[in-house]
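Only one structure is covered here, and it is reproduced in the block below.
If you read the sequence from its start, that first residue is 1, and numbering goes on from there. Given the structure is predicted, the values throughout are model-derived calculations rather than measurements.
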Amino acid sequence: MSGRSRWWLAPKIFLIIAVLAAITPSQPAVAGTQVCSVYCDTRDPSLARQETFPVSNKIVNGRRIVLHVSDADAMAWASIDDGTTGDSVWLDRSWDGGTTWDGLLGKASIPATWTGTRTLMYNLADPSNHRRGLLRACGDAQGVACTDWAYVRVCDAACDGTDASGAVGDDQPVPPTTLNGREFALHMDNRGMAWATLSAGRAGDEVWLDRSWNEGASWPDGSSLGRLSVGSGATSTRTALFATRDPKSLLYGGAVRACGRAVEGSNGSCTAWARPASDRPAAAADALMYSYDPNTAWWPSSWWNSAVAVTTMMDYLQRTGSTSQRWIVDRTFEVNKGVFPAGVKSSDPIEGNFASRAIDDTEWWGIAWIQAYDLTHDAKYLSMAQTIGQYVQGYWDTTCGGGVWWNRERTYKNAITNGLYVRLAAALHNRLLADTTWLGRAIAGWNWFSASGMINASGLVNDGIDSGCHNNGGTVWTYNQGLAMGAALELWRATGDPTQLAAARRLADAAITSSSLSPNGILTESCDPANTCDDNQKQFKGIFMRYLLDLLTATGDSGYRGYAQRQADAIWQHDRDPLNRIGQRWAGATPNAQDWRTQASGLGGLLGA
């Protein structure tokens, strides 16, 4: 058996050796902050799901230094072969395109009687902190040598450096900038590839792209991309194409700008930073993915809001056929199905299977896993939705004649908890062969809810019932309206009863004709005008639009289609910045709250068109 084969088959032994070698006092490693993406640095290579060799091996004094990459894990490791005792191998990682680096990562030395060893695995990128890295393998065998850096070019629909003649479409998302009569413009094609142009110039003028992974705060590995000069006798030129996202590194929402310099001066000028904008839902989804943390597998830091955000992303994937972000479905499920103490995922403890004292929070996850089942057809998601449904069922009782409690302390029965209950129960029935249990629960839930008085005389849904079991006159929130509509619609699918479809239509019609919910035809939350919506309320309108879109799909109603189109147009024209970030107030105004919750809500609005 060769030396290489022996060390490859003894990962646990060499894990210990590698760690000991990495902390040998005579050769201290350069300290680098541990990076966590899907996995954290120092993962055992025996667990790698893939092995590729993106750069050539390096030979030094007869030793072979190899860089191994698992694209499936977005991690790499290094090995040295054909060596002798004391030869060593490590990784370097750079965050600025190879100009500087953290060295000696995972440094391991060949022990006696062996001819090779390897490092542990390290992440190619740091998506949680929006940094793109480069890795190379290095070794010391009576002389230090390193492989090339891996993945210097970003590849998405095309790779960095592709000729701009291959662009598919031409959109200018921001105005050009001028300097001494020259014009520098940013262009993007329909696939999200970007290039810069210079016009009205002269020989020696320069143009280039900058690329940032953190919304323009810095661009250490993306400065002066494609930089070139106007040739003799010419007045214009353009760069090659460059990608605005890096799926291999799980980096989404990259931003670019066009920059240039006139030959007669040292000053330069740049356009605003921008993201691709030719495809509205894709642009909004990309900006939403910017805030997803692959390590913790959610959008920090809101528990139920993350359930709604991943559901919205699944709506996007299902309706568009896109697959590039589908990995987040299983990632979110597997990481978050466990137990978390209070303060980690929620102010409440999460007790496993997405359960907590907030019954509606748990239901949102049940709705998410129904959508995951519809998207992937993986039975584990449907099974989890059943588990969640059974948990929620434990909080149905006869107080006020029926209904599910909002919390474990049984202090309040409200619209959102019961709208979610009916939608979830009916959805389970519609996906489980020969079910009768969930159908009975869904019918009982709808009968109680529709008779509870929470739907007022105007067809709008107040927040809940008081201690006397009457409508409490609470705020009419758009998401209560949406879930009531969605509950009736899913129950109609289960029973075929036309009165339930009629109920869904009445709820929709009441909302879109309401002067409070739809002033000037634009969906508006009661907290919108004062810009005082809290982190929960920021996401309500997108939830309403999800179920209006569901109703539109079921009925083909042109009135609903026109309303949905108005929302999408308002969002795109009045509530979006050059980075495709969407705010709370769809009609547009200043100030206007903006974060990933408003982004998810806005994506829901755009999907309606």
**Asked** How would you list, by chain and number, every residue that makes a side chain to side chain contact (heavy atoms under 4.5 Å, CB included) with S302, sequence neighbours excluded?
**Response** N305, W596, R597
**Prompt:** Does anything in residues 175-217 pair up under disulfide bond (SG atoms under 2.5 Å apart), and if so which pairs, sequence neighbours excluded?
**Reply:** none
**Request:** Measure the shortest side-chain to side-chain distance between T239 and L228 over non-hydrogen atoms and say whether it is less than 4.5 angstrom.
**Result:** yes
**Message:** Testing the 3.5 Å rule here: is there a donor-acceptor pair between the side chains of Q584 and N531?
**Reply:** no
**CD1-CE distance between I571 and M545, expressed to the nearest 0.5 angstrom** = 7.0 Å
**Message:** Show, in sequence, the C-alpha distance, side-chain angles and deciding distance for E525 and T478, and conclude whether the side-chain hydrogen bond (donor to acceptor under 3.5 Å, both in side chains) test is met.
**Reply:** CA-CA 7 Å; E525 212 66 68; T478 61; 2.6 Å; yes
**All pairs passing disulfide bond (SG atoms under 2.5 Å apart) where residues 265-294 contributes a residue, at least two apart** = C259-C270
**Asked** Just by distance, do the side chain of R63 and the backbone of N61 share a donor-acceptor pair under 3.5 Å?
**Response** yes
**Prompt:** Hey, does W77 have a side-chain heavy atom less than 4.5 Å from the side chain of S70?
**Reply:** yes
**Message:** Applying ring-ring contact (aromatic ring centres under 6.0 Å, His included), can you list everything that pairs with W213, at least two apart in sequence or on another chain?
**Reply:** none
**Item:** E51 side chain to V69 backbone, donor-acceptor under 3.5 Å
**Value:** no
**Request:** Tell me, please, which residues at least two apart from W304 pass side chain to side chain donor-acceptor pair (under 3.5 Å).
**Result:** N536
**Prompt:** Centroid-to-centroid, W95 to W101, below 6.0 Å?
**Reply:** no
**Cationic N near anionic O, under 4.0 Å, R131 to D126** = yes
**Item:** W219 and W273 aromatic centres sub-6.0 Å
**Value:** yes
**Message:** So, using side chain to side chain contact (heavy atoms under 4.5 Å, CB included) as the criterion, who are the partners of R561 when residues are at least two apart?
**Reply:** L552, S558
**Prompt:** Can the positive tip of R43 be found less than 6.0 Å from the middle of the six-membered ring of Y39, inside 45° of the ring normal?
**Reply:** yes
**Message:** Taking A125's backbone N and O only, do any of them form a donor-acceptor pair with N123's side chain (distance below 3.5 Å, no angle check)?
**Reply:** no
**Prompt:** Quick one: side chain to side chain donor-acceptor pair (under 3.5 Å) partners of T100, sequence neighbours excluded?
**Reply:** D96
**Request:** Just jot down the side chain to side chain contact (heavy atoms under 4.5 Å, CB included) partners of L179, sequence neighbours excluded, or say none.
**Result:** F184, A262, S269
**Prompt:** Is the backbone of L186 close enough, under 3.5 Å, to the side chain of T271 for a donor and an acceptor to pair up by distance?
**Reply:** no
**Note, V144 side chain near V60 side chain (heavy atom, < 4.5 Å)** = no
**Prompt:** Just wondering, do S128 and P294 contact through their side chains at under 4.5 Å, heavy atoms?
**Reply:** yes
**Asked** Going by the disulfide bond (SG atoms under 2.5 Å apart) test, which pairs reach into residues 272-306, not counting sequence neighbours?
**Response** none
**Request:** Before accepting this row, confirm whether a basic side-chain N of the pair D210/R257 lies closer than 4.0 Å to the acidic partner's carboxylate O.
**Result:** yes
**Request:** Step by step, work out the salt bridge (Lys or Arg N to Asp or Glu O under 4.0 Å) result for D160 and R211.
**Result:** CA-CA 11 Å; D160 287 350; R211 179 169 59 201; 3.0 Å; yes
**Prompt:** Quick one: disulfide bond (SG atoms under 2.5 Å apart) pairs with a partner in residues 205-256, sequence neighbours left out?
**Reply:** none
**Residues forming a side chain to side chain contact (heavy atoms under 4.5 Å, CB included) with A282, sequence neighbours excluded** = D279, Y316
**Message:** Applying side chain to side chain donor-acceptor pair (under 3.5 Å), can you list everything that pairs with K345, at least two apart in sequence or on another chain?
**Reply:** N336
**Item:** Aromatic ring pairing W327/Y292, orientation class (parallel under 30°, perpendicular over 60°, tilted between)
**Value:** perpendicular
**Asked** Between D535 and K538, does at least one N-O distance fall below 4.0 Å, as a salt bridge requires?
**Response** yes
**Message:** Distance check, rounded to the nearest 0.5 Å: W299 atom CH2 versus D293 atom CG?
**Reply:** 11.0 Å
**Message:** Taking the basic N atoms (NZ, or NE/NH1/NH2) and the acidic carboxylate oxygens, is any pair closer than 4.0 Å for D246 and R132?
**Reply:** yes
**Pairing of E206 and R182 as salt bridge, 4.0 angstrom limit** = no
**Prompt:** Mind checking whether D156 and P247 have side chains closer than 4.5 Å, heavy atoms only?
**Reply:** yes
**Asked** Between Y479 and K541, is there a cation-pi geometry (under 6.0 Å to ring centre, at most 45° from the normal)?
**Response** no
